[in-house]
Student: 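Pasting in a structure now, in structure tokens, and then I'll have a few things to ask.
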Amino acid sequence: MTAQPAASAPAPHPDPAVHARRWVILAILSGSLLLIGMDTTILNVAFPSLVEDLQPGSVEQLWIIDAYALAISGLLVTAGAFGDRWGRKRLLLAGFALFALASLAAVFATAAWQVIAARALLGVGGAAIMPSTLSILRDTFVDARERAFAYAVWTAVIGGGLALGPVVGGLLVEHFGWQSAFLLNIPVAIVVIGLGLWLLPESRSPRTGKWDWPGVGQSIVGMVALAGGIKQLGKSGLDSALPWVLLAVAAVALTVFVRRQLRLANPLLEVRLFSNPAFAVSAGAIFLGMVGLGAVMFLLTQWFQYAKGYSPLQAGVRLLPAPIALIVTSVVTPRLMQRFQVRKVMAVGLLVMAIGLAVPYAVQRSPLFGDTDLNYPTMATSLALLGLGAGVATTVASVTLMSVTPKDHVGGAAAIDETCYELGAAMGVAILGSVTAALYRSRLPDGLPGHARDSVGEAAHAAKEMGGPAGHELLAAAGHAFTRGMTPAFVAAAVLCVAAAWLTWARIPADVRPTDNAH
């Protein structure tokens with residue numbers, strides 16, 4: 001790597017009062033992001049007790065899990081554009097008000113449909129909050145180096161929230177029931193609203209023209225169908241017609257949406273942002289990086305709980321090397337960006353991710369270890385390397401994506417950034433989860449119960465019911481097969497990270513320097 005020239009002098013903020021409290025603003029927004037990050041994963045540990053209490057059907061269970069992600073994915077583009085016009089502070093605080101109300105509704109829910117409705121409203125609130133935070137940061141921090149650090153904190157807090165979700169959720173659910181997973185949101189939302197009304201600055205983009213209602217409909221239909229299709233691939237597999245129908249609907253709706261946006265003088269989303277190689281490649285790097293990270297966190301959660309017999313809380317604790325490493329490297333990455341070319345830093349981060357993803361497969365196939373199942377030190381090493389690489393790559397990508405965006409379009413850019421995170425993780429779970437499931441079934445020995453072949457979770461349930469030596473043998477066989485199916489999926493994710501690293505090196509110009517005020 002070659003050192004870059006020193007950045008130019010910091011740019012003054014047009015509002016001295018906002019400049020003076022910029023770090024307080026970052027702290028408020030970070031607290032809000034921690035809540036959103038935790039809410040993404042906290043249901044994983046609350047779900048079993050929720051199912052036991054409310055007895056939802058299989059379809060209702062799927063909607064309880066998916067309602068949040070579908071709502072937030074479908075509304076991010078609209079929310080980003082709406083915040084630009086209506087005011088990002090207003091939208092953020094409205095999102096938190098809705099978040100608190102939806103959480104309260106979930107706490108008092110007595111039927112599955114009520115939880116589904118509450119989860120959908122939480123997704124609407126999350127869609128209002130997420131792009132608003134990035135947009136406010138972009139407007140508050142005018143100095144490029146400070147802005148890069150603010151975005152790095154944003155990435156670190158999201159990672160911290162994802163990590164704390166299972167741990168905090170496990171502690172709460174064990175002592176206070178599944179309702180406590182939602183109850184936690186309410187006091188945090190109230191504090192953020194109170195401090196936000198007092199301290200957050202208002203910002204918007206000066207746009208004219210009518211609100212694009214047809215574009216809103218097209219984007220919502222397209223994004224919900226896309227997210228739903230990806231998720232359905234993971235649930236029903238490649239042979240089912242439903243995910244392909246949803247993906248076809250998404251392709252048609254999003255194609256019509258893009259063509260319409262290109263014709264409008266004041267589009268809902270400035271899709272021409274993708275004509276900038278630095279923007280497009282950064283978005284792709286976030287997406288492909290999250291494919292690997294999302295798949296690993298999902299598959300290892302199953303591996304810890306079913307193959308190794310840990311509780312959800314114990315499994316959450318054992319996943320901590322990845323988010324801890326992500327948090328640490330996210331915060332130090334801006335210094336790397338000041339010293340080295342952005343494309344080199346991002347490419348190295350993606351390659352470290354690839355190495356972390358390949359470690360379990362390499363150890364498993366090594367003659368030094370023989371045909372044995374993987375141990376935790378190997379997985380902890382893999383998780384730490386994955387977190388280190390992801391912290392660097394996603395931080396650089398987010399900083400670059402936002403920095404090359406004109407100020408009038410930061411809401412749309414923030415929505416794209418968030419969408420890449422959401423859809424990348426969902427794609428990793430769907431595609432690599434399906435690959436793992438297929439390899440798991442192919443590696444099971446003959447003579448096992450039929451339902452044990454469906455998934456490692458079903459096999460663990462069957463082994464528990466069977467009990468005794470037979471149950472132990474069934475669980476050992478299923479765990480071994482799942483481990484053998486999981487590691488090749490990790491390698492597939494590693495290949496994607498290598499491809500993203502090559503694309504980063506080849507397509508991002510060497511003179512892109514988002515930490516330079518002259519940029």
Side-chain angles (χ1 to χ4, degrees), residues 37 40-41 44 65-66 69 73 158-159 162-163 165-166 226-227 229-238 243 284-307 315-316 318-323 325-326 349-362 364 374 378-391 393-394 419-441 455-457 481-501:
T40 303
T41 55
N44 294 341
I65 295 171
D66 292 342
S73 299
I158 287 290
L162 293 173
L226 179 60
I230 291 171
K231 286 182 169 293
Q232 198 60 40
L233 276 177
K235 295 181 175 70
S236 56
L238 302 178
I286 293 171
F287 177 82
L288 292 176
M290 288 306 298
V291 168
L293 187 61
V296 167
M297 299 299 278
F298 170 73
L299 292 172
L300 283 186
T301 298
Q302 293 192 4
W303 187 72
F304 284 135
Q305 292 186 63
Y306 298 132
R318 282 165 176 79
L319 290 170
L320 285 177
L326 186 149
L350 289 164
L351 290 176
V352 172
M353 285 188 70
I355 293 170
L357 288 163
V359 162
Y361 183 86
Q364 196 176 54
L374 296 170
T378 298
M379 287 305 188
T381 302
S382 174
L383 285 167
L385 288 171
L386 181 62
L388 287 171
T394 58
T419 301
C420 290
Y421 277 96
E422 290 287 333
L423 293 184
M427 181 70 80
V429 171
I431 302 300
L432 299 182
S434 296
V435 170
T436 299
L439 292 174
Y440 161 76
R441 288 189 287 269
S455 69
V456 67
F482 187 77
T483 306
R484 286 287 174 176
M486 177 178 67
T487 53
F490 287 8
V491 173
V495 171
L496 292 178
C497 288
V498 172

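Because only heavy atoms are used, hydrogens play no part in the values below, and waters and symmetry mates are left out as well, while side chains stay in.
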Student: Quick one: does Thr301's side chain have a donor or acceptor within less than 3.5 Å of a partner on Met297's backbone?
Tutor: yes

Student: Please find the pair of heavy atoms, one from Leu388 and one from Ala325, that lie closest to each other, and give the distance.
Tutor: N-CB, 3.6 Å

Student: Going from CD1 on Ile230 to CE on Met427, what distance comes out if it is rounded to the nearest 0.5 angstrom?
Tutor: 3.5 Å

Student: Going by heavy atoms in the side chains, are Phe482 and Leu299 under 4.5 Å from each other?
Tutor: yes

Student: Working to the nearest 0.5 angstrom, can you tell me the gap between Leu293 CG and Tyr421 OH?
Tutor: 10.0 Å

Student: Enter the distance from Tyr361:OH to Thr483:OG1 here, rounded to the nearest 0.5 Å.
Tutor: 14.0 Å

Student: On a heavy-atom basis, which atom in Leu357 and which in Gly292 lie closest, and how many Å separate them?
Tutor: CD2-O, 4.3 Å

Student: Look at the side chain of Ser73 and the backbone N and O of Leu423, then say whether any donor-acceptor pair between them is shorter than 3.5 Å.
Tutor: no

Student: Do Leu300 and Leu383 touch side chain to side chain, with heavy atoms closer than 4.5 Å?
Tutor: yes

Student: Would you say the side chain of Gln364 lies within less than 4.5 Å of the side chain of Arg484, judging by non-hydrogen atoms?
Tutor: yes

Student: I need the Thr419 OG1 to Ile286 CD1 distance, nearest 0.5 Å.
Tutor: 10.5 Å

Student: Evaluate whether atom CZ of Phe287 has more than 12 neighbouring non-hydrogen atoms of other residues, nucleotides or ligands under 6.0 angstrom away.
Tutor: yes

Student: Looking at Phe304 and Leu319, what are the two nearest heavy atoms and their distance?
Tutor: CE1-CD2, 3.8 Å

Student: For Ala390 and Thr394, work out which heavy atoms get closest and say how close.
Tutor: O-OG1, 2.5 Å

Student: Could you grab the distance from atom CZ of Arg441 to atom OG1 of Thr436, nearest 0.5 Å is fine?
Tutor: 10.5 Å

Student: Would Val296 and Leu386 count as a side chain to side chain contact (heavy atoms under 4.5 Å, CB included) here? Give the steps.
Tutor: CA-CA 9 Å; Val296 167; Leu386 181 62; 3.7 Å; yes

Student: For residues Gly356 and Leu385, report the shortest heavy-atom separation together with the two atoms involved.
Tutor: CA-CB, 3.6 Å

Student: Would you name the heavy atoms of Gly428 and Ala295 that are closest together and state the gap between them?
Tutor: O-CB, 3.4 Å

Student: Is there a side-chain contact between Leu350 and Val498 in this structure, where contact means two heavy atoms from C-beta onward sitting under 4.5 Å apart?
Tutor: no

Student: Could you give the distance from CE (Met486) to CG (Leu374), rounded to the nearest 0.5 Å?
Tutor: 6.5 Å

